[in-house]
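Reviewing the structure listed below.
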Amino acid sequence: MSKLRIAIQKSGRLNQDSLQLLKDCGVSIDNGKDQLKASASNFPLEIFYLRNGDIPQYLNDGVVDAAIIGENLLVEKGGDIKFIEKLGFSKCKVSLAVPKGEEYNGLSYFQDKRIATSYPNTVQNFLASKNITTQLHIINGSVEIAPNIGLADGICDIVSSGSTLFKNNLKEVEVILKSEAVLAVSPKLGTIQQEILNKLQFRIQSVLKGRRSKYILLNAPNNKLAEIIDILPGMRSPTVLPLAEEGWSSVHSVLDKNEFWEIIDELKNNGAEGILVCPIEKMVV
């Protein structure tokens, strides 16, 4: 049977989040210790555990059909490789940073300066688009130390919380790229593998929609029902059921978790009571 070959990071947080996503999609994987390859027992899927930096080349060469990879690495090493889904985890930024004591008044600061980075293509393309010329020092590892030892005037690196910059007496001054994990596809993807990928993507979208949403149940007085229904976005329209107590109804709907508290406040102000909120495992629309 033909299988979809998908690459994920061999270890680290991206590895864990990728495996959890596949698990939430109902894909059962025999994930033994130190395996380089594993097959799903209930889905035509084969997982390759690879070094993060090697994944773009495997995609380009068609050794794997798809990959869960950071968008930042795809931009740096992926060439024309496309992604078909943003996955909502492993979020970070690729940013320029300078020593805290430096006065920064814009990108012209970097003209003819030295920048240490593990992302030479990303920073070079960005600065060239702004007509800024710099000297790049390519470092694989602790980029943040470069200004402190006189190797560079600034750095370009991944920023998550910013704590590493703070510890090295640096400040973030420009965000080049906002990144998260994505589902990338090989340009050599076959027809059968495309069909399997479509099925997997459908499952992924259902899981992601569930993660972004909350199921809400509330009691509403019938004389306020119209106002409350107007507040609720829902998937199509809220479900309304009569309660045993005359003059009241039960209203069921779905909320985007990013708008949740604002909508809850509006509902309460319009007479909603007994509001219950439940997580959604998956949402198929």
Side-chain angles (χ1 to χ4, degrees), residues 2-29 31 35-94 119 121-122 158 160 177-213 256-258 280-285:
S2 295
K3 295 184 177 182
L4 180 74
R5 299 163 300 175
I6 186 168
I8 67 170
Q9 185 174 302
K10 186 176 180 181
S11 60
R13 181 64 184 272
L14 185 53
N15 167 276
Q16 297 170 21
D17 289 341
S18 300
L19 289 173
Q20 184 61 54
L21 176 62
L22 293 174
K23 181 180 178 181
D24 291 345
C25 289
V27 178
S28 180
I29 303 157
N31 186 30
Q35 280 184 300
L36 297 178
K37 188 170 71 171
S39 293
S41 60
N42 60 348
F43 192 82
L45 185 72
E46 195 169 42
I47 294 180
F48 287 64
Y49 299 95
L50 303 175
R51 287 179 62 252
N52 213 25
D54 294 337
I55 292 177
Q57 190 62 53
Y58 276 70
L59 283 167
N60 262 321
D61 293 343
V63 176
V64 295
D65 304 306
I68 296 176
I69 186 174
E71 186 181 357
N72 57 297
L73 188 59
L74 205 60
V75 169
E76 177 63 25
K77 293 187 173 184
D80 295 328
I81 294 173
K82 307 298 182 184
F83 68 84
I84 58 173
E85 197 76 46
K86 292 194 172 187
L87 302 177
F89 54 83
S90 294
K91 292 186 177 182
C92 65
K93 298 174 286 184
V94 179
Y119 293 88
N121 294 327
T122 303
I158 287 178
S160 295
L177 172 70
K178 291 184 178 180
S179 172
E180 63 185 86
V182 297
L183 180 62
V185 181
S186 169
K188 298 182 179 180
L189 185 68
T191 303
I192 296 175
Q193 284 71 31
Q194 179 68 66
E195 292 175 0
I196 300 170
L197 180 61
N198 291 343
K199 292 178 181 179
L200 179 63
Q201 186 180 10
F202 173 76
R203 294 190 185 192
I204 288 173
Q205 289 172 342
S206 298
V207 170
L208 296 180
K209 286 170 185 172
R211 289 180 180 180
R212 291 192 295 262
S213 305
D256 186 303
K257 70 177 184 179
N258 294 322
I280 298 174
E281 184 175 321
K282 299 173 184 68
M283 193 163 79
V284 180
V285 295

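Note that the structure is a prediction, hence the values are computed from the model and not measured. We count residues from 1, following the sequence as given.
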Only counting residues at least two apart or in another chain, list the ones meeting side-chain contact (heavy atoms from CB on, under 4.5 Å) with [X].
X	value
Ile192	Ser2, Ile196
Asn52	Gln9, Leu14, Ile55, Ile69, Leu73
Lys257	Lys214

request  = With sequence neighbours excluded, tell me which residues meet side chain to side chain donor-acceptor pair (under 3.5 Å) with Glu180.
outcome  =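 By the side chain to side chain donor-acceptor pair (under 3.5 Å) rule, Glu180 matches no residue at all.
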Calculate, to the nearest 0.5 Å, the distance between atoms [atom1] and [atom2] belonging to [X] and [Y] respectively.
X	Y	atom1	atom2	result
Asp256	Ser213	CG	OG	6.0 Å
Asn72	Ser179	CG	OG	3.5 Å
Ile84	Leu183	CD1	CG	4.5 Å
Cys92	Lys178	SG	NZ	12.0 Å
Leu21	Arg203	CG	CZ	11.5 Å
Leu4	Ile47	CG	CD1	10.0 Å

Enclosure of Tyr58 OH (heavy-atom neighbours >12, cutoff 6.0 Å) =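 Open: at most 12 neighbouring heavy atoms sit under 6.0 Å from OH of Tyr58.
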task = Please say whether more than 12 non-hydrogen atoms of neighbouring residues, nucleotides or ligands are located less than 6.0 Å from NZ in Lys10.
result =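 Incorrect, the count does not exceed 12.
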Give the minimum heavy-atom separation between [X] and [Y], together with the two atoms involved.
X	Y	value
Lys37	Tyr49	N-CD1, 4.0 Å
Ala7	Leu50	CB-CD1, 3.7 Å
Ile81	Pro56	CD1-O, 3.3 Å

Hey, are the side chains of [X] and [Y] touching, using non-hydrogen atoms and a 4.5 Å cut-off?
X	Y	value
Arg211	Leu208	yes
Ile6	Val64	no
Asp17	Leu87	no
Glu71	Lys86	yes
Phe89	Ile68	yes
Leu200	Phe43	yes

key: Short side-chain to backbone donor-acceptor contact, Glu46 and Arg5, under 3.5 Å   =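 No, the answer is negative, given that no donor and acceptor are paired below the 3.5 Å cut-off.
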query = Taking only residues at least two apart or on different chains, which pairs with a member in residues 186-197 satisfy side-chain hydrogen bond (donor to acceptor under 3.5 Å, both in side chains)?
reply =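 Qualifying pairs, neighbours excluded: Gln194-Asn198.
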task = I would like to know whether Asp24 and Gln20 meet side-chain hydrogen bond (donor to acceptor under 3.5 Å, both in side chains); could you show each step before the answer?
result = CA-CA 6 Å; Asp24 291 345; Gln20 184 61 54; 2.9 Å; yes
message = Test of understanding: with salt bridge (charged side-chain N to carboxylate O under 4.0 Å, His left out), list the residues that count as partners of Lys209, not counting sequence neighbours.
response =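 Here no residue qualifies.
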